[in-house]
Asker: 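Before I ask anything, let me first share the structure, which is written out below as structure tokens.
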Amino acid sequence: MAKRTTFKVLQVGYCCPTIHQDVKIYTSQCGRCQRMGRPTPRDEMPLQPQVTFEPFEKWGMDFIGPIDPPSKKK
């Protein structure tokens, strides 16, 4: 977990001489990091490729419930 977190911090552009030690201490004391752990293959869903041959061949829509408060008409 510390290596991934260090990589993400470096990728954003932050750097200091003790970054590896600081991240290791932080992840060892972080309760969320300790509970989360690494994802297992059982937790991951296999990706299903969607093959399309022409643009706009497949469409998708997402529906959401009522929005409260409704938008005001002007």
Side-chain angles (χ1 to χ4, degrees):
M1 187 65 100
K3 286 183 182 180
R4 285 192 312 178
T5 306
T6 304
F7 175 74
K8 289 179 183 180
V9 171
L10 291 172
Q11 197 173 26
V12 173
Y14 295 108
C15 188
C16 70
T18 60
I19 192 163
H20 295 285
Q21 294 170 352
D22 295 340
V23 170
K24 193 170 187 176
I25 291 169
Y26 175 78
T27 54
S28 68
Q29 295 174 352
C30 173
R32 185 175 181 193
C33 295
Q34 297 303 311
R35 286 190 303 269
M36 190 72 161
R38 293 182 181 260
T40 62
R42 184 178 55 119
D43 298 330
E44 299 174 0
M45 292 184 64
L47 298 176
Q48 301 294 328
Q50 295 186 2
V51 179
T52 55
F53 297 105
E54 294 185 23
F56 307 109
E57 185 177 345
K58 292 186 179 182
W59 288 78
M61 296 183 86
D62 293 329
F63 293 96
I64 58 172
I67 300 174
D68 290 319
S71 59
K72 296 180 183 180
K73 294 182 181 179
K74 293 184 179 181

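Because the structure is predicted, anything quoted here is derived from the model rather than measured.
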Asker: What residues form a side-chain contact (heavy atoms from CB on, under 4.5 Å) with I25, not counting sequence neighbours?
Answerer: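 Once residues adjacent in sequence are excluded, the partners of I25 under the side-chain contact (heavy atoms from CB on, under 4.5 Å) criterion are Q29.
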
Asker: Tell me the side chain to side chain donor-acceptor pair (under 3.5 Å) pairs involving residues 8-20, sequence neighbours left out?
Answerer: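 Residue pairs passing side chain to side chain donor-acceptor pair (under 3.5 Å), neighbours aside: T18-D22.
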
Asker: Applying the 4.5 Å side-chain criterion to the ILVMFWY set and letting contacts propagate, would V23 and L10 be lumped into a single cluster?
Answerer: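 They do share one cluster, since a chain of ILVMFWY contacts under 4.5 Å joins V23 to L10.
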
